[in-house]
Amino acid sequence: MGIIDVLHAVADYMLSWVKLIQNRELGWLTINRKTGEYMREQQPLFKKLKLLLLFNPLTTWLDKTHAVRLYLHNSAIKESMSSLPPCPLHIIPQQEARTTGNRAAGKKEATPASRTRIKQFVDAYHINMKDFEPSGIDAYSTFEDFFVRRHKPGSRPVHEPDDASSAVVVADSRVVVYEALAESKKIWIKGEDFSITNLVMDNKIGPQFGDGPVASFRLSPQDYHRYHSPVSGRIKVFMSMPGDYYEVDPLAIRSGMDILTRNARDYVVIDTEEFGEVLFVAIGASQVGTVEINEKWQKPGAEIKKGDELGVFQFGGSSIIVAFQKGRIQFDEDLTGPSKNAVAVDVEVGMSLGRAVPKEENPHDL
């Protein structure tokens, strides 16, 4: 290869990055499940640079106590609360502090003036409004209303809706799946103290899922932010837990910092005939205003079908962990393959996630 060819190759490479930056395609590498094509999640350049600064081996080594990242996190909270009556968070009861912080995070997005951001947001992230109802952006009175927009009926069909042995994707998101939590910790969730027990803060519930299969879903700000049940069954447990709102970008999740067990989260345990018990944990992240399971699913004994709306996030990125008991699900092959290489798959709510393993075929039940 001559010098001219080398210069052309370098120029093409640089121009490709210019194109990626212009289109905000700077996020983690993913695979579009529908097309099989590799792509990068859309993400603002400033956010990408901030994540690279905060979550890298050098910063992790220097910031042993996470003091720097905690300071920046608290500064963001203080900035979002600057318009509220002064009241130090440390003297507010924990649950009330969470509610106050949530209200502050959403205050700007709930004003009529915020609606001017909607068109810019839709254009920047190429959101197909035909999938939503209402589809016209003028129908939304605030950015808050737009952010929690609903899908148009039929735009996200539920895979095999009458077959309870089939589990489905819970959100428009990027997902990685692993047959065991230990495998997930080696490849994806690098938090030093991450465990299902620490995630749910319950010594009875946690061990039931401690060595079982796990699916990790991550939602970006541009995604549909309602989430749905992966299975059909009955609600056995509901719990709401206050916490922080750290980033859940892969750079943060894979940094060694215990993000998922520090962030605010709600969870339910769903008792099913086909899968045994299934744990669903909705986890807040940066700038999220609420993490809330719908009231009707907060009552033990409530019947739920796969695809039913479980709850909603507001204002920002967020994450969901769905954990199964050992040997109770076989995830789809087109999800497990990329996950082993730390590549997430871009999925839509209602798509197939996997199938229940019959008890007679489950070696762990023998």
Side-chain angles (χ1 to χ4, degrees), residues 33-34 41-42 102-103 105-112 114-161 167-175 217-232 235 238 240 266 268 270 280-285 287-299 302-320 322 346-353:
R33 193 179 196 184
K34 288 183 174 180
E41 177 190 354
Q42 286 188 290
N102 291 343
R103 188 172 66 249
K107 188 172 183 179
K108 184 176 180 180
E109 286 80 0
T111 63
S114 67
R115 67 182 304 182
T116 59
R117 297 177 50 204
I118 298 175
K119 185 179 186 308
Q120 180 183 5
F121 193 87
V122 169
D123 291 343
Y125 291 106
H126 310 303
I127 297 173
N128 182 8
M129 291 302 296
K130 293 181 180 179
D131 287 347
F132 300 95
E133 191 175 67
S135 58
I137 61 175
D138 292 337
Y140 299 95
S141 58
T142 67
F143 191 84
E144 176 185 34
D145 292 338
F146 163 76
F147 193 86
V148 295
R149 61 196 179 276
R150 295 179 182 274
H151 278 140
K152 182 181 295 184
S155 66
R156 296 293 189 272
V158 176
H159 179 71
E160 298 180 349
V168 297
V169 168
V170 302
D172 287 6
S173 57
R174 283 136 294 280
V175 65
F217 302 85
R218 186 175 56 82
L219 290 71
S220 294
Q222 61 267 31
D223 289 322
Y224 164 82
H225 263 71
R226 295 176 184 271
Y227 43 88
H228 299 249
S229 178
V231 294
S232 298
I235 302 297
F238 161 76
S240 181
D266 281 6
V268 292
I270 305 172
F280 182 106
V281 188
I283 306 168
Q287 298 176 339
V288 168
T290 61
V291 183
E292 184 176 322
I293 300 291
N294 292 342
E295 186 176 355
K296 63 181 177 179
W297 309 127
Q298 297 179 17
K299 301 173 183 178
E303 292 189 17
I304 190 168
K305 293 183 178 180
K306 68 176 183 180
D308 283 348
E309 183 189 304
L310 254 175
V312 61
F313 292 116
Q314 289 182 326
F315 318 124
S318 38
S319 182
I320 296 167
V322 178
D346 203 303
V347 292
E348 293 179 351
V349 63
M351 286 181 170
S352 174
L353 179 65

When Leu310 is tested against each of Val170, Ile304, Asp266 for side chain to side chain contact (heavy atoms under 4.5 Å, CB included), which residue passes?
Ile304
Taking all atoms of both residues into account, what is the closest heavy-atom pair of [X] and [Y], and its distance?
X      : Y      : result
Leu219 : His225 : CB-NE2, 3.9 Å
Phe280 : His228 : CE1-O, 3.6 Å
Trp297 : Ala302 : CE3-CB, 4.1 Å
Ala171 : Ile320 : CB-CD1, 4.2 Å

Could you tell me whether the side chain of [Y] reaches within less than 4.5 Å of the side chain of [X], counting heavy atoms only?
X      : Y      : answer
Ile270 : Val268 : yes
His151 : Glu309 : no
Tyr227 : Val349 : no
Phe146 : Met129 : yes

Any side-chain to backbone donor/acceptor pair from [X] onto [Y]? Under 3.5 Å, distance only.
X      : Y      : answer
His159 : Ser352 : no
Arg226 : Val148 : yes
Asn294 : Lys296 : no
Ser229 : Lys306 : no

Identify which one of Gln120, His126, Lys119 satisfies the side chain to side chain donor-acceptor pair (under 3.5 Å) criterion when paired with Asp123.
Lys119
From [X] [atom1] over to [Y] [atom2], what is the distance, rounded to the nearest 0.5 angstrom?
X      : Y      : atom1 : atom2 : value
Ser318 : Arg218 : OG    : CZ    : 10.0 Å
Phe313 : Tyr224 : CZ    : OH    : 12.0 Å
Ile137 : Arg149 : CD1   : CZ    : 11.5 Å
Ile127 : Ser135 : CD1   : OG    : 13.5 Å
Tyr125 : Gln222 : OH    : CD    : 5.5 Å
Thr142 : Glu144 : OG1   : CD    : 5.0 Å

Between [X] and [Y], is there a side-chain N and carboxylate O pair less than 4.0 Å apart?
X      : Y      : answer
Arg33  : Asp346 : no
Arg115 : Asp145 : no
Arg156 : Glu348 : yes

If the plane angle is over 60° it's perpendicular, under 30° parallel, otherwise tilted; pick one for Phe121 and Phe143.
perpendicular
Partners meeting side chain to side chain donor-acceptor pair (under 3.5 Å) with Glu160 (sequence neighbours left out):
Arg355
Considering residues at least two apart in sequence or located in another chain, which fulfil the side-chain contact (heavy atoms from CB on, under 4.5 Å) criterion with Pro134?
Ala139, Tyr140
